[in-house]
Amino acid sequence: MDTAIQREFPVSHGMVLQFRCDIFNLFNHPNFGSPVSYLSSPLFGRSTQMLGTSLGSGSASGGLSPLYQIGGPREFQLAMRLRF
């Protein structure tokens, strides 16, 4: 579950200060990758990776870092913005 909370404060005529907090993977629930599908493997049917690392890693050829993939660890992001 991802969620966001924000609050806006009027500073002066036409200016607004906004505070925002984004939370990703709020409950820090583990998301496992696909299980091993080789019948000859002793790990057959078991998930050996988390979903974030099983989707690929961030490299020069593309892809996101496992930290930002679906199923990554809980993450908080704080932001402040001045609109005018």
Visitor: Which atom names give the shortest non-hydrogen contact between F24 and D2, and what distance separates them?
Guide: CA-OD1, 3.3 Å
Visitor: So, N28 side chain and R74 main chain: donor-acceptor pair closer than 3.5 Å or not?
Guide: yes
Visitor: Between M15 and R83, does the side-chain contact (heavy atoms from CB on, under 4.5 Å) criterion hold? Intermediate values first, please.
Guide: CA-CA 6 Å; M15 291 180 69; R83 290 189 329 211; over 6 Å; no
Visitor: Can any side-chain N or O of R7 pair as donor or acceptor with the backbone N or O of F19 at less than 3.5 Å?
Guide: no
Visitor: Roughly how far apart are M80 CE and R20 CZ, rounded to 0.5 Å?
Guide: 15.0 Å
Visitor: Among the clusters formed by ILVMFWY side chains lying less than 4.5 Å apart, do F76 and L26 turn up in the same one?
Guide: yes
Visitor: Nearest 0.5 Å please: distance from the CG atom of L78 over to the CD1 atom of I23.
Guide: 9.0 Å
Visitor: Look at the side-chain heavy atoms of Ile, Leu, Val, Met, Phe, Trp and Tyr, link any pair under 4.5 Å apart, and say whether L39 and V36 land in one connected group.
Guide: no
Visitor: Let me check something: do V16 and V11 share a hydrophobic cluster, defined by ILVMFWY side-chain heavy atoms less than 4.5 Å apart, either directly or through other members?
Guide: no
Visitor: How long is the gap from OG on S37 to CG on L43, to the nearest 0.5 Å?
Guide: 11.5 Å
Visitor: Mark yes when over 12 heavy atoms from residues, nucleotides or ligands other than F84 sit less than 6.0 Å from its CZ; otherwise mark no.
Guide: no
